[in-house]
Amino acid sequence: MLKNPSSKYQPFPLITLPNRQWPSRHLSKAPIWCSVDLRDGNQALAVPMNVSQKLEMFDALVKCGFKEIEVGFPSASNTEFNFNRRLIEEKRIPEDVTIQCLVQAREDLIEKTVESLLGAKKVVIHMYNSTSPAQRKYVFGKTKEEIIAIAVKGAQMIKDRLHRLESTGTQVTLQYSPESFSATEVEFAKEISEAVMDVWQPTPEKKMILNLPDTVEVAMPNVYADQIEWICTNIKNRESLIISLHTHNDRGTGTAATELGLLAGADRVEGTLFGNGERTGNLDIVQVAMNLYMHGIAPELDFSNMGSLIHMYERTTGMTVPPRQPYAGELVFTAFSGSHQDAIKKGLSGYEEHKSIWDVPYLTIDPEDIGREYREVIRVNSQSGKGGVAYLLESEFGIELPKDMQREFGPIANDLVDKLGREVTAAELRDMFWKEYIERNTPFSLHHFHADGVDGVFTCRSSMVKNGSEIGITGTGNGPIAAFVQGLIKDGGAQPFEVVTYREQSLEAGSEASAISYILIKLATGKTVWGAGVDTNIELASIKAVVSAVNRAI
Ligand code: KIV
Ligand code: ZN
């Protein structure tokens with residue numbers, strides 16, 4: 001990369017729009033949607049869709065509720081032409097759906113496009129030519145006047161052929177795109193669009209679509225919004241136009257550009273499912289629709305079964321939906337962080353109670369609305385604090401470590417995770433806990449324990465193995481634990497210690513070990529050590545916890 005990029009790249013010029021209105025507007029209804037999956041999306045595939053894949057996608061788009069679908073570029077290939085013919089001849093297009101076809105301003109291509117549409121009920125013929133300074137200079141080598149002449153000629157050639165469709169009952173809407181609009185001077189975009197309007201003569205009753213493409217995203221989305229508002233304000237006969245947006249995502253702001261473009265006065269949006277399209281893709285129409293939905297605005301597109309839509313998309317295009325794609329990605333409704341999981345849990349139970357406005361932290365929408373589920377990924381890494389470790393043991397296994405014990409086990413777990421060099425699952429964390437506390441059987445391991453109490457004085461007998469040899473222990477105290485501690489020091493040779501804290505809890509019903517005890521001991525040196533034991537018998541669980549602590553202290 002260059003140290004001084006200004007030697008090669010320049011800022012995008014701003015639009016003079018002193019009284020801009022869009023920043024203080026808000027969106028209150030869905031735009032007219034047009035899917036361009038079968039054309040713009042398709043042309044960007046390594047292997048373009050065949051006719052049967054296109055048919056499958058067409059049906060899926062109809063099912064989502066698209067009423068305008070750009071089905072292809074029928075003059076570009078036989079597949080595209082045949083696809084139109086099958087749609088029409090097999091009567092696959094619902095009454096309320098309009099198919100749209102793209103064509104360049106060339107007579108042979110226009111002729112073929114018209115032929116491909118014969119017999120359809122409702123069509124949009126979409127003509128484009130490119131208008132930006134770079135396109136004029138490098139690609140066409142033509143002046144502005146010559147570029148306008150291309151558009152006007154093409155518009156006339158289409159107009160001359162309309163009777164062939166209209167005489168057989170086809171309703172035709174005309175669409176013009178000054179391709180590379182966002183990189184074109186607004187004044188020139190207006191001039192060329194008005195020249196096309198002069199030919200097509202749209203009226204408020206029979207509007208034409210003026211599509212203003214962000215063919216390559218070259219500026220911030222506020223600039224695109226300014227360009228749209230500038231056109232909406234300055235173009236003649238605005239009331240005879242449907243202003244349409246067609247954004248790509250080169251700077252990663254296709255969605256923002258579209259939303260601001262709608263604020264700026266546009267009526268219609270072209271885009272693709274999940275943003276498939278040239279380079280960084282077209283606008284992801286799902287995102288804009290779902291953004292409206294999360295603000296309580298009916299998007300008039302139905303993504304209730306996002307999972308099956310994704311499968312259809314992946315099957316037909318060979319593309320994949322990235323795991324973090326807004327709304328659709330595999331991980332969108334998955335929480336990894338313990339604090340997020342905790343907040344979501346609380347938010348979900350709050351929502352369950354009030355069942356009114358969705359206000360669950362970290363979840364923009366209820367995943368169930370689009371056929372998805374909230375999921376927690378429970379695991380820790382070496383950076384997870386003691387709280388994360390404790391949360392995981394508690395939420396997954398019901399192990400409620402005392403606070404002080406969390407302070408001891410947290411760093412131990414983090415060290416182990418660090419050594420592994422990866423994140424660990426809840427089950428792995430539980431194994432670490434088991435190894436560290438429950439399975440600490442050396443030098444002492446308990447074979448048998450029995451205690452009796454008379455008038456508050458308890459006597460215990462225990463057999464143990466110490467360093468591989470069997471030993472017997474007896475002791476007395478004011479409880480079974482105290483008796484065992486006394487015996488372990490006296491007969492077992494354990495270094496002197498006292499029990500500081502003792503806690504027990506039952507574990508989930510059905511588990512083999514139904515009780516767990518946590519014991520903190522303090523050695524004569526002042527050192528404190530935790531131990532833990534599990535057993536179906538709560539008394540034995542606590543004796544095992546003492547053994548665990550003593551073993552860990554050595
Ligand atoms: O991106 C674009 O400009 C296009 C046009 C053909 C509308 O796809
Ligand atoms: Zn495009």
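This chain uses plain numbering: 1 for the first residue, then up along the sequence. Just so you know, these numbers use all the heavy atoms, side chains as well, and skip hydrogens, waters and symmetry mates. In listed order, ligands and their atoms are each counted from 1.
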Asker: Answer with yes or no whether the side chains of Asn84 and Ser116 bring together a donor and an acceptor at under 3.5 Å.
Answerer: yes
Asker: Find all atoms of ligand 1 within a distance of less than 4.0 Å from any non-hydrogen atom belonging to Asp40, and give their numbers and elements.
Answerer: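 Result: 8 (O).
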Asker: When you check the side-chain N and O atoms of Thr253 and Glu217, is any donor under 3.5 Å from an acceptor?
Answerer: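 Distance-only check passes for Thr253 and Glu217.
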Asker: Between Gln175 and Glu270, do the side chains contain a donor N or O and an acceptor N or O under 3.5 Å apart?
Answerer: yes
Asker: Are side-chain N/O atoms of Asn222 and Trp22 paired as donor and acceptor at under 3.5 Å?
Answerer: no
Asker: Mind reading off the angle at the Zn ion (ligand 2) between the NE2 atom of His248 and the NE2 atom of His246, rounded to 10°?
Answerer: 100°
Asker: Is it the case that the side chains of Tyr176 and Asn129 hold a donor-acceptor pair, with the cut-off being a distance below 3.5 Å and no angle test?
Answerer: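 Asn129 vs Tyr176: donor-acceptor pair found between side chains.
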Asker: Counting only heavy atoms, which portion of Glu278 has something under 4.0 Å from ligand 1: side chain, backbone, both, or neither?
Answerer: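 Near ligand 1, Glu278 shows nothing, with every heavy atom at 4.0 Å or more.
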Asker: If you measure every N or O of Asn211 against every N or O of ligand 1, does any of those distances drop under 3.5 Å?
Answerer: no
Asker: For residues Tyr327 and Phe303, establish whether the separation of their ring centroids is below 6.0 Å.
Answerer: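 Tyr327 vs Phe303: aromatic centres not under 6.0 Å.
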Asker: Would you name the N/O/S atom of Asp40 that lies closest to the Zn ion (ligand 2)?
Answerer: OD2
Asker: Look at Lys345 together with Glu376 and state whether they make a salt bridge at an N to O cut-off of under 4.0 Å.
Answerer: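 Between Glu376 and Lys345 there is a salt bridge, with a charged N closer than 4.0 Å to a carboxylate O.
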Asker: Any atoms of ligand 1 less than 4.0 Å from a non-hydrogen atom of His248? List them with their elements.
Answerer: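 The list of qualifying atoms is 1 (O).
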Asker: Under a 4.0 Å heavy-atom limit, does Arg39 contact ligand 1 with its side chain, its backbone, both, or neither?
Answerer: side chain
Asker: Looking only at protein heavy atoms, identify the closest one to atom 4 (C) of ligand 1 and say how far it is in Å.
Answerer: His246 NE2, 3.5 Å
Asker: Counting only heavy atoms, which portion of Glu270 has something under 4.0 Å from ligand 1: side chain, backbone, both, or neither?
Answerer: neither
Asker: Mind checking whether Thr215 has an N or O less than 3.5 Å away from an N or O of ligand 1?
Answerer: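 In this structure, Thr215 places an N or O atom under 3.5 Å from an N or O of ligand 1.
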